[in-house]
Colleague: 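Structure in structure tokens, see below.
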Amino acid sequence: MSAVIVVHGGAWAIPDELAKGVVDGVKAAAREGFSVLKKGESALDAVEAAVRALEDNTVFNAGHGATLNIDGEVELDAIIMDGRTLDNGAVSSVKNIANPVSLARAVMEKTPHCLLTSRGANLFAESIGMPTVPTGTMVTAYERKEWEKHKNYVTGVMEDINSQWAHDTVGAVAVDSAGNVACATSTGGIRNKMVGRVGDSPLIGSGGYADNSSGAVSCTGHGESILKVTLARLILSHVEQGKSVADSSQLSLQYMRDRVHGAGGAIVVTPSGQWAATFTTKRMAWAAVDHDVLWYGLDASERREEQLS
Ligand code: ASP
């Protein structure tokens, strides 16, 4: 069977001046993840590689370039999950790890736990020799400026946050040639979040889920809304009932909007290679490689294609 990868770069009202950067970024990450699949490596390896590429790209709110909390600090969350075994690993509120998705993978593979937070995650990183980076180097001048502009999140702009304001979480889902699925999601969360706030991204069933019996999902959008409806699992429960991946995503995102007034987006792939990229925000940058064709989009119903060279 043919391997497929889908990536997203966050669902929100992406301003025009960032549009080219995020589209180029998701296309490059999809190529990167697909090259791993092409070598015969696993879906798990592919989603980690794709998300690392997005974390390293400062245009996205993950790894380098992440948004800042109310105290002006970086606090990063990530999850990775293997659909073969349901094994998963996650980290939350880590400050100085360049690629939280790889730390999440180490939590999955080297500890008996699913999620390590904050200081514990850092102690674990140290124990396995994962290098740290000075936190200041993860902050971009763009983010520092935006943070200054929007300092009043907690008191003022709660309404905007749903669909219009600074989300750029990244994620990837893949199926490999053996039919195994995996997902990964990584984020700096929401700008000016309270210190210690953890959103949906690192929480299993909300920010992501992968199960070979149905598919893999990575979500983005308003974290508190995604948590309330456990969006990733909700989408897969529709897939399990026989709905298409596109319908399952639409229905679940619509439910989230109707029930808790939350906007967001999701990417999905099934073990048989069906995939979808769906959102209820103004825009979501996404890209996919399927049968050697690179698909990508940003605006609603936009679906462009390029031959992989
Ligand atoms: N879901 C993320 C969070 O709430 C934000 C995003 O997807 O952009 O932390």
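Just follow the structure's listing: the first ligand is 1, and inside any ligand the first atom is 1.
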Colleague: Within ligand 1, which atoms have a heavy atom of Thr169 less than 4.0 Å away?
Modeller: 2 (C), 5 (C), 6 (C), 7 (O), 8 (O)
Colleague: Under a 4.0 angstrom heavy-atom cut-off, which atoms of ligand 1 come close to Ile190?
Modeller: 4 (O)
Colleague: Testing the 3.5 Å rule here: is there a donor-acceptor pair between the side chains of Asn99 and Asp56?
Modeller: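 The answer is yes; a qualifying pair exists.
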Colleague: What atoms of ligand 1 come closer than 4.0 angstrom to any heavy atom of Thr220?
Modeller: 6 (C), 7 (O), 8 (O)
Colleague: Looking at Ser201, which atoms of ligand 1 are within less than 4.0 Å of one of its heavy atoms?
Modeller: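 In order of numbering, the contacting atoms are 1 (N), 2 (C).
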Colleague: Please tell me whether Trp295 and Val6 are part of a single hydrophobic cluster in this structure, the criterion being side-chain heavy atoms less than 4.5 Å apart.
Modeller: yes
Colleague: Take Glu306 and Lys27, measure what salt bridge (charged side-chain N to carboxylate O under 4.0 Å, His left out) needs, and give me the verdict at the end.
Modeller: CA-CA 10 Å; Glu306 258 172 35; Lys27 284 164 71 179; 2.8 Å; yes
Colleague: Please say whether Gly221 places an N or O atom under 3.5 Å from an N or O atom belonging to ligand 1.
Modeller: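 Min N/O separation from ligand 1 is below 3.5 Å for Gly221.
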Colleague: Kindly indicate whether a cation-pi arrangement holds for Arg283 with Trp12, taking the cut-offs as under 6.0 Å to the six-membered ring centre and within 45° of the axis.
Modeller: no
Colleague: Is the contact between Arg197 and ligand 1 made by the side chain, the backbone, both, or neither, using heavy atoms and a 4.0 Å cut-off?
Modeller: side chain
Colleague: Which ligand 1 atoms does Asp200 reach within 4.0 Å, using its non-hydrogen atoms?
Modeller: 1 (N), 2 (C), 3 (C), 4 (O)
Colleague: Enumerate the atoms of ligand 1 whose separation from the nearest heavy atom of Gly189 is less than 4.0 angstrom.
Modeller: 9 (O)
Colleague: For residues Ile204 and Val239: do they belong to one hydrophobic cluster (side chain heavy atoms under 4.5 Å, members Ile, Leu, Val, Met, Phe, Trp, Tyr)?
Modeller: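 Yes, same cluster.
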Colleague: Is there a chain of hydrophobic side chains (I, L, V, M, F, W, Y, each step under 4.5 Å between heavy atoms) that links Tyr296 to Leu54?
Modeller: yes
Colleague: For ligand 1, which is the ligand I care about here, please tell me if Gly223 has any N or O atom under 3.5 Å from one of the ligand's N or O atoms.
Modeller: yes
Colleague: State, without any angle test, whether Thr230 and Ser206 hold a side-chain donor-acceptor pair at a distance under 3.5 Å.
Modeller: no
